[in-house]
Amino acid sequence: MSSSQPHLSYGEIQALLAESAYDPAIVQKLEAYVRAQVSAVASTLVASETPDVQYSFDANRTLVKLYHFFPHLEGELGMTITALAAFLALLQFPETDFMALCCLIPERVQSTEPCATLVRCAELLESCQFSEFWPEFRKLGIPEYGAREGETVVSDDRKLLSNAVNGTSASNKIRSNMIQMLAKTYRSAPLSHVLAALDLKDVDSLKAFG
Amino acid sequence: TLCACLCLPTSFIQNHDDQSLCLNTLKWKTQLGKTRGNRPNMSTEVFPDCVINFVFDLHDASRRSFIPSEQQPQYSGVFREITAKYFPNTNWPSAEAIASECHGDTLFLALYNELTLRHLQSVKRPKVTDRIEGWHTYRQLFDLILQEAPDENATATSQTLFLIPDWCFDIMHEFLYQFQGFCQFRTATYAAAAKTAEDPDKSPQAHVAEALDVLSQNRDAWAVETVLFYLHRLVAVGTRANASATYRYLAYFSSVTLSRLECLLGDYRASIAALDVIYDPEAELVAVGEDMKSPEELVNSVFSARLSLSYHAGVSYLMLRRYKDSASALGGICVFMQRGFKTGQLRKIPGSEQFSKLFDRMIALLAILSHICPTSFLEDNIAAIVREKHANTLSKIESGEEGYEDLFVFACPKFVNPAVPDYSQALKPGATAVPYGQDAYKLQVQHFMNEMAAHQTLRKMRSYMCLYTSIDVEKLASFNDMKVGEFESWLTCYKHKMCQLERGAGVSVKSSSGENASKGVVKGAKSDQDKIGTAMDIHYYVAGNVVHVDEAEKTRRFENYFMIQISHNEEILKSLERIRMDV
């Protein structure tokens with residue numbers, strides 16, 4: 001599993017960015033850190049139990065930028081890692097991380113799966129179409145979804161993305177962000193509307209989530 | 001010394017030491033004899049006496065005396081006069097020819113090379129080889145500057161180099177201008193080659209093929225990672241405690257340049273973050289002539305730097321959906337420029353032809369901002385200019401037509417593709433016009449338009465909401481030609497889009513001048529003081545099926561209105577009195 005690959009800690013990554021942010025030699029270290037961040041989301045461990053792996057927008061943005069500067073370092077593998085970085089940014093909604101990252105991701109990557117579905121998910125979140133968001137999001141949980149013609153083997157990184165999407169921690173983070181947004185608009189809202197927005201079945205699951 | 005007119009044969013001149021020729025007001029000295037430094041010069045270039053004096057004086061001011069009031073007239077005045085008189089369309093003498101006047105000082109010669117190259121490239125369109133030469137010139141200059149900087153742990157050492165702030169900024173500004181030009185040249189050459197690659201009977205034009213060849217052999221030229229490296233190093237070296245004034249100037253102007261570069265690359269977060277060094281409230285004051293100034297005041301003292309900073313910050317904030325900050329940055333500089341145009345101050349600054357173009361672009365951005373963000377406060381005179389120039393476009397947008405894209409395309413910077421292409425691909429059939437499918441410019445415009453897509457609907461929604469204190473969701477939805485289910489998400493969307501980061505108020509910046517107190521200037525606050533605010537001018541919430549609306553508090557600004565009307569009245573009275581006197 002890619003999560004068992006060695007990766008630098010959050011502190012080490014910040015130091016690396018301060019010293020040599022544009023050195024193409026750091027690409028692999030940044031890729032490992034992206035995988036580590038997604039693994040942390042996919043795992044059942046609580047965030048405080050993995051203190052050396054915190055979300056770092058700067059690290060993810062630098063990696064995407066290095067792909068932009070050195071396209072030969074990107075390749076097919078890099079496109080999926082870009083999707084992982086985009087997924088991490090998506091979890092920060094309503095922060096503008098995804099938006100800022102998209103300005104650095106070339107159109108040809110944005111229009112290829114799994115990035116294309118992530119971009120669609122971000123559009124739905126930005127326009128607050130929360131109930132329509134969940135079916136699109138769930139598609140990413142199927143590793144084979146969006147496979148290109150002739151692609152028989154699903155990469156580890158793609159599987160990692162599916163695991164993270166299917167895990168509870170990603171969905172719960174998105175739900176709590178959605179609740180923040182709804183709370184800004186509604187003083188009282190119909191239960192059905194809220195349940196549809198949060199993709200929950202009934203009041204009990206809402207209480208359990210709360 | 002003999003004075004003879006130019007009708008004497010040149011052989012006569014070459015055989016005599018220290019000959020002076022007089023042609024009206026022109027004095028020439030051949031370089032075969034002694035020079036001021038008493039060193040023989042073997043160059044055969046001939047150039048006027050004033051060049052020698054200029055080089056000597058400038059070298060003295062930058063390497064020995066360090067007196068700003070001596071350097072300023074040389075750099076800003078004498079250099080331009082000599083250029084206009086003797087080298088209006090040609091290059092200055094080479095560094096080898098004048099080396100004896102500065103004792104062969106390599107760093108000074110590198111500065112001289114940069115200065116004269118800057119002039120040459122402004123009068124002659126650079127060829128690909130000129131562009132590559134430009135790269136080597138800047139690399140050499142920055143390597144020498146960084147070499148002479150004191151070590152990190154050294155205690156304050158004596159100054160060895162002094163450059164006035166204008167000179168420092170001009171170097172950085174031109175460095176990035178040439179980088180940007182090179183990226184565009186590279187993209188255009190690739191596209192031109194790819195165009196002919198489709199037709200097997202066609203071959204690329206000779207100059208395109210030659211350019212491709214030179215570019216392929218110089219893949220490292222203007223490499224973006226090296227450009228970034230130099231800018232970051234200059235910032236790091238110049239913000240150390242033991243940095244001399246010149247290195248500090250270079251650091252702050254490098255961060256303005258870095259902010260511009262990141263904006264051109266589409267990394268708007270990095271563009272804003274690069275300015276933290278300038279807005280750091282803990283930063284020590286730096287000596288500028290007789291005064292002590294904060295980094296922000298230093299940047300503001302060089303108008304071109306201030307303009308570059310404000311424009312790129314304005315664009316970055318806009319792209320990051322921070323409309324109030326964008327309007328503040330752009331509005332502030334436009335107010336300053338409007339005053340400068342009226343008094344004629346700006347025309348005195350070199351490069352002022354570009355200022356009005358940039359002013360127009362910023363006005364276009366402000367037109368967009370005033371339309372999508374009702375709380376972006378603009379000064380009355382700037383708001384009037386926006387209305388005057390863009391009323392048609394804005395009313396087109398109101399009526400549902402496209403308009404934002406045209407404004408943005410006019411106003412945005414020339415974004416660059418940073419990746420070095422595989423030039424061999426350009427000559428293969430089926431080659432795409434854009435290498436790697438990366439069109440930076442198109443990506444940014446697309447991103448902008450995606451953001452703008454929602455604003456038409458949101459504006460319409462807001463205009464209805466302003467009319468009510470409470471209204472049924474269903475009724476409001478029908479006004480907006482939508483079903484309730486579809487409309488509800490827009491209510492949340494509006495809140496979301498307008499909930500934006502804003503710059504912090506900042507702590508009191510150490511300042512010897514009152515300039516920071518002026519309106520519209522982005523005050524000293526680093527990005528860690530940013531907080532969430534709202535860009536809406538109305539408040540609303542939904543309870544049950546009803547939307548309750550409340551207008552946000554407006555600061556009433558009647559005093560401006562009355563002042564303007566009083567002054568108009570005065571003018572009318574004055575012209576009336578004049579009529580009576582004529583009768």
Side-chain angles (χ1 to χ4, degrees), chain A residues 18-24 57-58 61-62 64-74 93-97 99-112 119 122-133 177-178 180-190 193 196-197, chain B residues 223-229 232 236 262 265-270 273 319-322 415 417-422 435-440 442-444 446-448 450-451 453-454 457 485-486 488-497 499-501 532 534 540-545 547-548:
Chain A
E19 272 170 30
S20 44
Y22 300 108
D23 182 355
F57 175 71
D58 284 342
R61 169 174 58 89
T62 303
V64 171
K65 219 158 143 190
L66 284 168
Y67 285 154
H68 199 42
F69 295 168
F70 309 107
H72 64 279
L73 290 178
E74 188 188 37
F93 171 83
E95 301 274 328
T96 50
D97 289 19
M99 217 178 102
L101 206 61
C102 260
C103 292
L104 295 167
I105 302 176
E107 206 276 328
R108 65 179 157 77
V109 177
Q110 288 193 39
S111 55
T112 314
V119 168
E123 278 170 13
L124 290 166
L125 282 179
E126 288 286 338
S127 55
C128 299
Q129 292 172 273
F130 297 146
S131 42
E132 289 91 333
F133 164 82
N177 292 336
M178 284 177 175
Q180 270 179 50
M181 289 312 310
L182 291 170
K184 281 188 187 142
T185 316
Y186 291 91
R187 236 179 233 180
S188 60
H193 183 66
Chain B
V224 67
E225 67 275 18
T226 318
V227 172
L228 282 162
F229 165 77
H232 278 283
E262 298 285 13
L265 294 172
D267 191 348
Y268 306 110
R269 287 271 185 97
M319 299 300 268
L320 288 174
R321 205 194 288 150
R322 292 176 60 165
F415 300 106
N417 296 320
V420 182
D422 181 355
Y436 309 118
Q438 267 180 10
D439 190 332
K442 215 167 137 193
L443 183 66
Q444 304 313 319
Q446 190 57 48
H447 166 82
F448 173 76
N450 288 345
E451 277 300 295
T457 314
E486 196 190 333
E488 275 169 339
S489 54
W490 281 103
L491 285 170
T492 317
C493 178
Y494 193 27
K495 285 268 182 178
H496 160 58
K497 295 262 183 194
C499 181
Q500 301 173 357
L501 262 184
I532 302 279
T534 176
Y540 65 88
Y541 64 88
V542 182
N545 278 333
V547 181
H548 298 267

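None of these values were measured; they are calculated from a predicted model. Throughout, a chain's letter reflects where its sequence line sits, starting with A, and its residues are numbered from 1. These numbers come from the heavy atoms of this one structure, side chains and all, not from hydrogens, waters or symmetry mates.
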note = All heavy atoms of B:Q438 vs all of A:Y67, minimum pair found to be NE2-O, 4.2 Å
request  = List in chain and number order the residues that pass ring-ring contact (aromatic ring centres under 6.0 Å, His included) with A:H72, two or more places apart in sequence or in another chain; answer none if no residue qualifies.
outcome  = none
remark   = In this structure, CZ of A:F130 is separated from SG of B:C493 (nearest 0.5 Å) by 9.0 Å
Closest approach of B:G266 to A:C103 (non-hydrogen atoms, all atoms of both residues) = O-CB, 3.4 Å
task = Output yes when B:R269 and A:D58 qualify as a salt bridge under the 4.0 Å nitrogen-oxygen rule, no when they do not.
result = no
ask   = Which atoms of B:H496 come close to chain A, meaning under 4.5 Å heavy atom to heavy atom: side chain ones, backbone ones, both, or neither?
value = both
request  = With rounding to the nearest 0.5 Å, note down the distance linking CG in B:L265 to CZ in A:F69.
outcome  = 5.0 Å
task = Kindly indicate whether the side chain of A:F70, heavy atoms from C-beta on, has any atom under 4.5 Å from the side chain of B:E225.
result = yes
remark   = On a heavy-atom basis, the closest approach of A:T96 and B:L320 is CG2-O, 4.0 Å
Qualifying residues under side-chain hydrogen bond (donor to acceptor under 3.5 Å, both in side chains), relative to B:N417, sequence neighbours excluded = none
query = To the nearest 0.5 Å, how far apart are SG in A:C102 and CE in B:M319?
reply = 11.5 Å
query = Which atoms of A:L101 come close to chain B, meaning under 4.5 Å heavy atom to heavy atom: side chain ones, backbone ones, both, or neither?
reply = neither
ask   = Top residue by heavy-atom pair count (under 4.5 Å) with chain A, among B:Q500, B:E486, B:Q444?
value = B:Q444
task = Flag the pair A:R61 / B:D267 as yes when at least one side-chain heavy-atom distance between them is below 4.5 Å, and no otherwise.
result = yes
task = Would you mind checking which part of B:Y268 comes under 4.5 Å of any heavy atom in chain A, side chain (CB onward), backbone (N, CA, C, O), both or neither?
result = side chain
message = For chain A, which candidate among B:L443, B:N450, B:N545 shows the most heavy-atom pairs at distances under 4.5 Å?
response = B:L443
task = Mind ranking B:L501, B:L228, B:T226 by heavy-atom pairs under 4.5 Å with chain A and telling me who comes out on top?
result = B:L228
remark   = chain B shares the most heavy-atom pairs under 4.5 Å, among A:Q129, A:K184, A:M181, A:M99, with A:M99
task = Kindly determine whether A:T185 and B:Y494 satisfy side-chain contact (heavy atoms from CB on, under 4.5 Å), including the steps that lead there.
result = CA-CA 9 Å; A:T185 316; B:Y494 193 27; over 6 Å; no
ask   = Picking from A:R108, A:Q180, A:E126, which has the most non-hydrogen pairs under 4.5 angstrom with chain B?
value = A:E126
task = Answer with side chain, backbone, both or neither: which region of B:A270 has an atom nearer than 4.5 Å to a non-hydrogen atom of chain A?
result = both
request  = With a 4.5 angstrom heavy-atom cut-off, could you sort out which part of B:A543 is near chain A: side chain, backbone, both or neither?
outcome  = both
Side chain, backbone, both or neither of B:H548 within contact of chain A (heavy atoms, under 4.5 Å) = neither
key: salt_bridge(B:E262, A:K65) N-O dist < 4.0 Å   = yes
key: Region of B:K442 in contact with chain A, defined by heavy-atom distances below 4.5 Å   = neither
query = Are any of the side-chain heavy atoms of A:H193 and B:E488 separated by less than 4.5 Å?
reply = yes
